[in-house]
Each structure stands twice: as C-alpha cells, then as structure tokens.
Amino acid sequence: MPLLYGKNIVLRDMRPEDLSGLRRWVNDLETVRYLSARYWMPQSEADTADYLDHAMHAGANGAYFAIANRENDLYLGQCDLISINWKMRSADMAIVMGDEQARGRGIGTEAIGLILAYAFAMLGLERVELEVATDNHRAMRCYQKAGFTLEGIKRHAFMVDGKFADLAVMAVLADEWRAA
C-alpha cells in the first residue's frame, strides 16, 4: 500500500500494532452505532484481531488504510475501499474515526480526499460509493463536503439502536471529483 500524505494525517497500511487503537473504539457504542454489522458489539479481542488480519491481507479487491497522525504515526481510525470491482471500476468506501479527539477537526474530510485521489488518480476507478444511515447527519455533511451526491434511499435497510433505519446511497464519479 502506498503512503498517502495529507496536511495533518497519513493514510498508511494497517499494522499489527494498530490492534490497540482498534480495541479502543470497537466496543464504544457512540463510535460503532452507525457502522456495519461486522462491528456490532460486543467485540472480543479475537474478533478485532481477525478483522485486522483481514485488513492487512485484503488482496486486490480491497484497500484498507489506517488514518494516522502525520507527526507521530499513531492510529486515529481507518478509511477503506472495499469490494473493488475492477471490471466496473468501482468500489465502496468506508471510514471510521476511532479516536474521539480526532473527530470534528476535519481529519475525516482530509482522509476522504486522500482516498478519493487514490481511487480515481492511482487506481483509475470511475465510481466510489457508500451507504450511510440517514439520521447520521454529521457523516452525511462530511460526505457531501467531499463531493458525494445523494443517489437514493434504501428504506429500513439497517439497524440503529435496535430499530430499523433508512440508508442513503451516496456516490462520487471520477469526472465530478476532477471538476471539484
């Protein structure tokens, strides 16, 4: 995996030493509330280690990056391209800011900018999409700021706090990214 440098962060490969950073957030309800079922609590240390191993050995159809502090290389979260479809030149994107202190400081927006540059300029993808719970307003604003467009709503397609929730499907195309 290449190193992708931003102003405050670097996107780098996931490493065994990131396990402690992952463990700090995988059982925090506020952090995992809107994440996929893979992160539903409780998460044992073995669950987290299995996920980290998967991220480190993803192969050609996934690009898993740790979001790290540029000054000290400490794990802050992760930003991933998953389900890369090379024929369709598309991928799904996922992001989590695991470090509470890193939230609300523009680091997520910076990470998304870096991974979109990687997706479009380096991998030659045409489309990056994501799904987000419609009541996750903070995330939706971040994605819109990064260039994602709302394409539709999947009704009752997710669970938040034990209740059905709608998912927004958002995407950005290569031409839109280049124009921005």
Side-chain angles (χ1 to χ4, degrees), residues 1-86 90-125 128-133 136 138-139 141-143 145-146 148 158 160 172:
M1 297 296 277
L3 295 173
L4 307 176
Y5 288 96
K7 181 180 176 192
N8 300 298
I9 60 167
V10 61
L11 297 187
R12 60 162 173 77
D13 58 331
M14 301 285 286
R15 302 174 184 158
E17 57 268 24
D18 293 328
L19 182 64
S20 62
L22 285 160
R23 291 297 299 158
R24 281 194 288 277
W25 64 263
V26 294
N27 287 308
D28 175 59
L29 182 59
E30 287 304 310
T31 303
V32 302
R33 170 173 277 127
Y34 293 111
L35 299 183
S36 72
R38 164 174 251 168
Y39 299 105
W40 284 0
M41 299 174 11
Q43 288 276 316
S44 69
E45 189 160 346
D47 293 333
T48 311
D50 284 346
Y51 170 76
L52 180 59
D53 184 65
H54 169 77
M56 291 188 312
H57 301 96
N61 296 328
Y64 293 78
F65 288 95
I67 302 169
N69 183 308
R70 188 169 172 154
E71 290 180 11
N72 58 21
D73 201 42
L74 290 178
Y75 173 96
L76 302 173
Q78 61 201 64
C79 192
D80 312 319
L81 294 174
I82 54 178
S83 304
I84 298 173
N85 182 324
W86 294 105
S90 66
D92 296 334
M93 192 200 83
I95 185 170
V96 60
M97 291 305 305
D99 185 324
E100 263 185 80
Q101 308 305 315
R103 296 180 197 153
R105 296 180 40 222
I107 291 172
T109 301
E110 186 176 349
I112 292 169
L114 291 171
I115 205 159
L116 290 178
Y118 176 70
F120 295 128
M122 296 178 79
L123 298 183
L125 298 184
V128 175
E129 74 176 66
L130 57 83
E131 294 179 346
V132 58
N136 189 350
R138 177 188 226 171
R141 279 192 307 273
C142 180
Y143 300 142
K145 186 176 177 181
F148 284 82
F158 194 63
V160 176
V172 60

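- Counting heavy atoms from C-beta on, the side chains of I9 and L114 come closer than 4.5 Å.
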* To do: Output, in order, the C-alpha distance, side-chain angles, deciding distance and verdict of side chain to side chain contact (heavy atoms under 4.5 Å, CB included) for L22 and M14.
  => CA-CA 10 Å; L22 285 160; M14 301 285 286; 4.2 Å; yes
* Go through Y5 and L11 one step at a time and tell me if the side chain to side chain contact (heavy atoms under 4.5 Å, CB included) criterion holds. => CA-CA 6 Å; Y5 288 96; L11 297 187; over 6 Å; no
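- Note that CG of L116 is 10.0 Å distant from CG of L125, once rounded to the nearest 0.5 Å.
- Across all non-hydrogen atoms, the minimal contact from V32 to W25 is CG1-O, 3.7 Å.
- The closest donor-acceptor contact from the side chain of R103 to the backbone of M97 lies under 3.5 Å.
- When atom types are taken as modelled, the side chain of N27 and the backbone of P42 share no donor-acceptor pair closer than 3.5 angstrom.
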* Should M56 and D13 be marked as a side chain to side chain contact (heavy atoms under 4.5 Å, CB included) after you check the CA-CA gap, both sets of side-chain angles, and the distance that decides it? -> CA-CA 7 Å; M56 291 188 312; D13 58 331; over 6 Å; no
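- R15 places a side-chain heavy atom less than 4.5 Å from the side chain of D73.
- Between the CG atom of D18 and the CD atom of Q78 there is a distance of 8.5 Å, given to the nearest 0.5 Å.
- The side-chain contact (heavy atoms from CB on, under 4.5 Å) test with L81 is passed by exactly one of Y118, Y64, F65: Y118.
- Crowding of R70 atom CZ: a count of heavy atoms from other residues, nucleotides or ligands under 6.0 Å exceeding 12.
- Between I95 and Y143, the closest side-chain pair of non-hydrogen atoms falls below 4.5 Å.
- In this structure, the side-chain contact (heavy atoms from CB on, under 4.5 Å) partners of N69, at least two apart in sequence or on a different chain, are E71, N72, L76.
- Here the shortest heavy-atom pairing between F120 and V128 reads CZ-CG2, 3.8 Å.
- A pairwise comparison of heavy atoms in A139 and V132 identifies CB-CG2, 3.9 Å as the closest pair.
- L52 CG to S20 OG: the interatomic distance, rounded to the nearest 0.5 Å, is 10.0 Å.
- When all heavy atoms are compared, the tightest approach of D92 to S83 is OD2-CB, 3.9 Å.
- Taken to the nearest 0.5 Å, the CG atom of N136 stands 10.0 Å off from the CZ atom of R33.
- The two residues R12 and A68 have their closest heavy-atom pair at NE-CB, 3.6 Å.
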* So M93 and F148, side chain to side chain contact (heavy atoms under 4.5 Å, CB included) or not? Walk me through it. -> CA-CA 11 Å; M93 192 200 83; F148 284 82; 4.1 Å; yes
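- Scanning all heavy atoms of the two residues, the minimum distance from I115 to C79 falls at CD1-O, 3.4 Å.
- Once rounded to the nearest 0.5 Å, the distance linking CD of E110 with CG of L4 reads 11.0 Å.
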